Amino acid sequence: MYCVSIVSVKGGVGKSTACANLAAAAHTANPAARTLLIDTDIQQSTVKWAEQRRQLIPRVISADARTLSREVDNARGAFDICFIDGAGHDWKGLAAAVLAADLALVVARPTLIDYHVARQVRSILSDYRVGFAFLLTQAPPGNRLTQWLAEYRKLGNVAPVVSARVAFQDSFGFGKGVTEYEPHGSAAREINCRSWL
């Protein structure tokens with residue numbers, strides 16, 4: 001089982017939205033793949049998303065920093081891919097999510113505060129020797145984004161950028177991913193994990 005943790009210790013960056021959309025996109029890309037999403041955030045946003053979804057795939061369960069490793073171990077063999085919605089504002093939760101992962105996606109926006117937090121997270125990730133990339137969300141087009149991409153690339157790999165699109169908000173409210181809500185839309189093309197996971 002390949003495990004991807006979506007992490008940040010800063011709120012409002014779109015971590016849960018990215019996690020839900022990546023899990024839905026993985027299922028859309030390969031409906032035969034057994035997809036799991038583990039929500040470790042105290043807000044339980046992806047659990048609420050799953051309740052709106054009324055579908056069994058991806059399977060969504062809850063865990064916390066103490067139980068996450070056990071849940072991931074239990075899932076091995078039963079699932080092909082696992083996405084972990086990392087706990088926000090929680091360094092121990094971030095560490096647990098990273099230790100369980102094959103890849104950590106550090107979610108951040110192209111802003112100065114997010115960049116400083118991402119640098120802190122990067123220093124933790126290098127201690128754990130886990131592959132990671134930065135996932136920029138809520139990104140505006142133009143020169144501002146180009147400048148921030150250059151800064152984030154100094155810290156490490158950058159996954160394809162996720163723009164600020166209403167489709168992400170709207171689809172989340174319906175318990176869908178953008179690949180299901182607007183399969184041919186721009187948001188679906190951005191989050192399509194076949195090209196970069």
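All values derive from a computational prediction rather than experimental measurement.
Of all heavy-atom pairs between Asp114 and Ala108, the closest is OD2-C, 3.7 Å. Nearest heavy-atom pair, Ala159 versus Ala133, reported as atom, atom and distance to 0.1 Å: N-CB, 4.2 Å. Phe172 and Ser45 make their closest contact through CZ-O, 3.7 Å (heavy atoms, listed as atom of the first residue, atom of the second, distance).
In this structure, Thr137 contributes its side chain and Val13 its backbone to a donor-acceptor pair below 3.5 Å. Distance alone, capped at 3.5 Å, is enough to place a donor-acceptor pair between the Asp39 side chain and the Val47 backbone. Looking at Asn21, its side chain does come within 3.5 Å of a backbone N or O of Val178 through a donor-acceptor pair. Without hydrogens or angle criteria, Thr67 side chain to Ala63 main chain gives no donor-acceptor distance under 3.5 Å. The backbone N or O of Trp49 sits nowhere less than 3.5 Å from a side-chain atom of Gln52 that would complete a donor-acceptor pair. With Arg109 contributing its side chain and Gln138 its backbone, the two residues share no donor-acceptor pair below 3.5 Å. The backbone N or O of Gln120 lies less than 3.5 Å from a partner atom in the side chain of Ser123, making a donor-acceptor pair. Not one N or O on the side chain of Ser5 forms a donor-acceptor pair closer than 3.5 Å with the backbone of Ala104.
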Evaluation steps, side chain to side chain contact (heavy atoms under 4.5 Å, CB included), between Ser62 and Gln44: CA-CA 8 Å; Ser62 296; Gln44 297 286 282; 2.4 Å; yes
field: side chain to side chain contact (heavy atoms under 4.5 Å, CB included) between Trp148 and Leu112, intermediate numbers included
entry: CA-CA 9 Å; Trp148 279 113; Leu112 184 60; 4.1 Å; yes
message: If you apply the rule salt bridge (Lys or Arg N to Asp or Glu O under 4.0 Å), what do you find for Glu182 with Arg165, and how did you get there?
response: CA-CA 12 Å; Glu182 289 182 352; Arg165 299 189 187 279; over 6 Å; no
task: Give the intermediate values and the outcome of side chain to side chain contact (heavy atoms under 4.5 Å, CB included) for residues Glu190 and Val161.
output: CA-CA 7 Å; Glu190 289 177 353; Val161 172; over 6 Å; no
field: side chain to side chain contact (heavy atoms under 4.5 Å, CB included) between Leu103 and Val130, worked out
entry: CA-CA 6 Å; Leu103 171 68; Val130 172; 5.9 Å; no
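Hydrophobic clustering, with ILVMFWY side chains joined whenever heavy atoms are under 4.5 angstrom apart, keeps Leu94 apart from Ile38. Criterion: ILVMFWY side-chain heavy atoms under 4.5 Å apart, direct or through other members. Under it, Ile6 and Val162 are part of a common hydrophobic cluster. Hydrophobic clustering (side-chain heavy atoms under 4.5 Å, transitive across Ile, Leu, Val, Met, Phe, Trp, Tyr) groups Trp91 together with Val117. Hydrophobic clustering (side-chain heavy atoms under 4.5 Å, transitive across Ile, Leu, Val, Met, Phe, Trp, Tyr) keeps Tyr181 apart from Ile57. Follow the hydrophobic side-chain contacts under 4.5 Å out from Val72 and you reach Leu36 in the same cluster.
For Leu56, the CG atom sits in a loose shell: 12 or fewer heavy atoms of surrounding residues, nucleotides or ligands are nearer than 6.0 Å. Shown here is Arg129, whose CZ atom has no more than 12 heavy atoms of other residues, nucleotides or ligands within 6.0 Å. The local environment of CZ in Arg122 is crowded, with over 12 non-hydrogen atoms from other residues, nucleotides or ligands closer than 6.0 Å.
Counting heavy atoms from C-beta outward, Pro110 and Gln147 have side chains that stay 4.5 Å or more apart. Between Met1 and Asp80, every side-chain heavy-atom pair lies at or beyond the 4.5 Å cut-off. Thr35 is not listed as a side-chain neighbour of Arg59, based on a closest heavy-atom distance of 4.5 Å or more. In this structure, Thr40 and Ile84 have side chains that are in contact, with non-hydrogen atoms separated by less than 4.5 Å. The side-chain heavy atoms of Val98 and Leu125, taken from C-beta on, include a pair separated by under 4.5 Å.
For the atom pair CG of Leu22 and CG of Leu105, the computed distance is 6.5 Å after rounding to the nearest 0.5 Å. Expressed to the nearest 0.5 Å, how far CG of Asp64 lies from CD of Glu71 amounts to 9.0 Å. To the nearest 0.5 Å, atom CZ of residue Phe83 and atom OH of residue Tyr2 are 9.5 Å apart. In this structure, Asp85 CG and Thr46 OG1 are separated by 4.0 Å, a value rounded to the nearest 0.5 Å. Taking CG of Leu37 as the reference point, atom SG of Cys82 lies at 7.5 Å (rounded to 0.5 Å). Atom CG in Asp41 sits 4.0 Å away from atom NZ in Lys15 (nearest 0.5 Å).
Taking the charged nitrogens against the carboxylate oxygens, Lys92 and Asp90 have no contact shorter than 4.0 Å, which rules out a salt bridge. For Glu151 and Lys154, the salt-bridge test passes: some basic side-chain N is under 4.0 Å from an acidic carboxylate O. The pair Asp170-Lys176 does not count as a salt bridge, with every side-chain nitrogen at least 4.0 angstrom from each carboxylate oxygen.
Counted by atom type alone, Gln43 and Ser16 present zero donor-acceptor pairs between their side chains at under 3.5 Å. Counted by atom type alone, Arg189 and Ser186 present one or more donor-acceptor pairs between their side chains at under 3.5 Å.
Between Tyr115 and Tyr152, the ring planes lie perpendicular to each other; the angle is over 60°, past the 30° to 60° tilted range.
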